[in-house]
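Keep in mind the model is a prediction, meaning the values are calculated, not measured. Order of appearance sets the numbers: ligands from 1, and atoms from 1 within every ligand. Numbering of residues begins at 1 and proceeds along the displayed sequence.
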Amino acid sequence: MTVLDVRDVTKVYGQGGTAVHALRGVSLAVERGDYLAIMGASGSGKSTLMNILGCLDVPTGGQYLLDGTDVGTLDDRRLAILRNRRIGFVFQSFNLIPRMSALANVELPLAYGGVKAADRRQRALAALDQVGLADRVDHEPNELSGGQQQRVAVARALVTAPALLLADEPTGNLDTRSTTDVLHVLDRLSASGRTIVLITHEDDVARHAKRVIRLVDGRIVEDRRTAPVDGPPPGLVGLR
Ligand code: ADP
Ligand code: MG
């Protein structure tokens with residue numbers, strides 16, 4: 001089953017002589033359960049592609065189907081609903097709300113989704129448990145390490161049970177130890193069947209994925225499978 005189906009997508013910022021061709025015809029199909037790393041130098045189009053995959057922006061040309069829905073046919077309201085229900089985002093800068101507990105931060109997407117308080121709390125606690133933070137649920141972001149904050153952000157991304165987890169340089173602001181912790185969480189989520197797209201410019205991070213694509217100047221120049229879609233991710237092989 002194909003979760004992401006990107007067909008000859010282009011993205012142009014601006015017009016005329018100052019136009020920037022950020023994506024120059026990208027085609028990509030991602031199966032359910034895959035763990036994809038998108039690599040490329042700064043300016044190669046990684047974030048532009050992530051914004052399109054996450055329905056935060058629309059392509060200039062081409063087509064994008066998410067879970068079989070042609071995103072180009074949706075108005076802003078439907079796009080927002082699709083984004084809230086089907087996609088969990090993790091950003092380099094965590095984007096947690098200050099002075100709100102880890103639990104309240106993780107409950108937030110459920111509150112927008114209209115889930116009742118008791119149910120919200122239970123699901124948020126389960127998500128925090130999944131990322132190994134059951135003992136930190138009442139801590140506020142400034143009382144947590146960078147790695148713990150990013151794990152809260154991963155729990156927040158997961159709590160809606162999205163079809164896709166999209167992470168843009170999730171370890172970009174973390175030290176080695178915290179990077180290991182966050183990648184281990186992603187590896188375990190992958191092993192449990194989640195579809196993950198990870199954007200990174202670091203080989204050590206990309207090594208955790210089952211498939212690696214490389215962008216140069218808005219084009220895919222390499223597409224390499226390193227582990228089967230339905231098997232455990234490379235980081236967990238031999239560990240279980
Ligand atoms: P990466 O994430 O790989 O560093 P980006 O997708 O952010 O690359 O950027 C790709 C190209 O598009 C770059 O040349 C960048 O300067 C340009 N770009 C990105 N966002 C915008 C924007 N909002 N307006 C104009 N140009 C942009
Ligand atoms: Mg970027």
Would you call [X] and [Y] a salt bridge, using N to O less than 4.0 angstrom?
| X | Y | result |
| --- | --- | --- |
| Asp181 | Arg177 | yes |
| Asp168 | Lys46 | no |
| Arg32 | Asp67 | yes |

**Asked** Using a heavy-atom cut-off of under 4.0 Å, does the side chain or the backbone of Val20 touch ligand 1, or both, or neither?
**Response**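 It is the side chain that gets close, since no backbone atom is under 4.0 Å.
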**Request:** Give the residue, atom name and distance (to 0.1 Å) of the protein heavy atom nearest atom 25 (C) of ligand 1.
**Result:**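 Looking at atom 25 (C) of ligand 1, the protein heavy atom closest to it is Tyr13 CB, 3.3 Å.
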**Request:** Distance to 0.1 Å, residue and atom name: give those for the protein heavy atom nearest to atom 9 (O) of ligand 1.
**Result:**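 Answer, as residue, atom name and distance: Thr48 OG1, 3.9 Å.
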**Asked** Are any N, O or S atoms from Met50 nearer to the Mg ion (ligand 2) than 2.8 Å?
**Response**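 Coordinating: no.
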At a 4.0 Å cut-off, with the gap strictly under it, does some heavy atom of [X] reach an atom of ligand 1?
| X | answer |
| --- | --- |
| Gly45 | yes |
| Gly218 | no |
| Gly43 | yes |

**Asked** Name the one of Arg225, Arg219, Arg224 that satisfies salt bridge (charged side-chain N to carboxylate O under 4.0 Å, His left out) with Glu222?
**Response**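 So, applying the salt bridge (charged side-chain N to carboxylate O under 4.0 Å, His left out) to Glu222 and each of Arg225, Arg219, Arg224, only Arg224 qualifies.
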**Asked** Are side-chain heavy atoms of Ile87 and Leu66 found at a separation under 4.5 Å?
**Response**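 A side-chain contact under 4.5 Å exists here.
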**Request:** Kindly indicate whether the side chain of His139, heavy atoms from C-beta on, has any atom under 4.5 Å from the side chain of Val152.
**Result:**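 Sidechains of Val152 and His139: no contact.
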**Asked** With respect to atom 3 (O) of ligand 1, which of Met39, Lys11, Lys46 exhibits the smallest heavy-atom separation?
**Response**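 Shortest heavy-atom distance from atom 3 (O) of ligand 1: Lys46.
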**Item:** Those atoms of ligand 1 less than 4.0 Å from some heavy atom in Ala41
**Value:**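 That gives atoms 3 (O) of ligand 1.
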**Item:** Enumerated ligand 1 atoms positioned under 4.0 Å from heavy atoms of Ser47
**Value:**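 Within the 4.0 Å cut-off of Ser47, ligand 1 contributes 1 (P), 2 (O), 6 (O), 7 (O).
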**Prompt:** Hey, is atom 21 (C) of ligand 1 under 4.0 Å from any protein heavy atom?
**Reply:**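 Yes, at least one protein heavy atom sits under 4.0 Å from atom 21 (C) of ligand 1.
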**Prompt:** If you look at every heavy atom in Arg156 and Phe94, which pair is closest and at what distance?
**Reply:**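 Scanning both residues, the minimum pair turns out to be NH2-O, 2.9 Å.
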**Message:** Minimum heavy-atom separation for Phe89 and Gly54, please, with both atom names.
**Reply:**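 Scanning both residues completely, I find the closest heavy atoms to be CZ-O, 3.2 Å.
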**Prompt:** Considering distance alone, does some N or O of Ala22 sit under 3.5 Å from an N or O of ligand 1?
**Reply:**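 No, there is no polar N/O contact under 3.5 Å.
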